[in-house]
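Notes follow the structure.
Keep in mind that this is a model prediction, so the values were computed, not measured.
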Amino acid sequence: APGRRQQHLQGEARRVVRVGGQFLLWVIVPNVWLAIAFPPVIVHGLRRARFWRRELTAAGFRVDRSGTSRGAAWFLAS
């Protein structure tokens, strides 16, 4: 299942980050411009920023900073 794979990958990222280290996740998130330019991409399940924040937390990360930039969301986690 896709959710299980994502959780596994994030858990592996958590495992290899050194103590005191940080992990940067940068993902494409749906927005109005992306929906106009690439409607099939939106239909096939891009996840919103809040989904990725929950996934990082579930994998054992603490999100230190986050933001958005032109159709992308980023999370700096430790």
Run the side-chain contact (heavy atoms from CB on, under 4.5 Å) check on Trp74 and Arg65 step by step: do they pass?
-> CA-CA 8 Å; Trp74 58 269; Arg65 299 177 88 183; 3.9 Å; yes

Minimum heavy-atom distance Ala73-Val29, with the two atoms named = CB-CG1, 3.7 Å

Closest heavy-atom pair and its distance - Asp64, Ser78 | OD2-OG, 2.7 Å

Side-chain contact, heavy-atom cut-off 4.5 Å: Phe75 with Leu24?
-> no

Do the non-hydrogen side-chain atoms of Trp52 and Ser66 ever get within less than 4.5 Å of each other?
-> no

Cluster check Val17, Val27: I/L/V/M/F/W/Y, side chain < 4.5 angstrom | yes

Yes or no on side-chain contact (heavy atoms from CB on, under 4.5 Å) for Leu56 and Phe23, after CA distance, side-chain angles and deciding distance?
-> CA-CA 10 Å; Leu56 285 169; Phe23 175 70; 4.1 Å; yes

Could you state the interatomic distance from CZ (Arg54) to CZ (Arg47), rounded to the nearest 0.5 Å?
-> 9.0 Å

Got a second to check how far Arg62's CZ is from Gln22's CD, nearest 0.5 Å?
-> 8.5 Å

Can you list the steps and then say if Leu76 with Val63 is a side-chain contact (heavy atoms from CB on, under 4.5 Å)?
-> CA-CA 6 Å; Leu76 185 60; Val63 177; over 6 Å; no

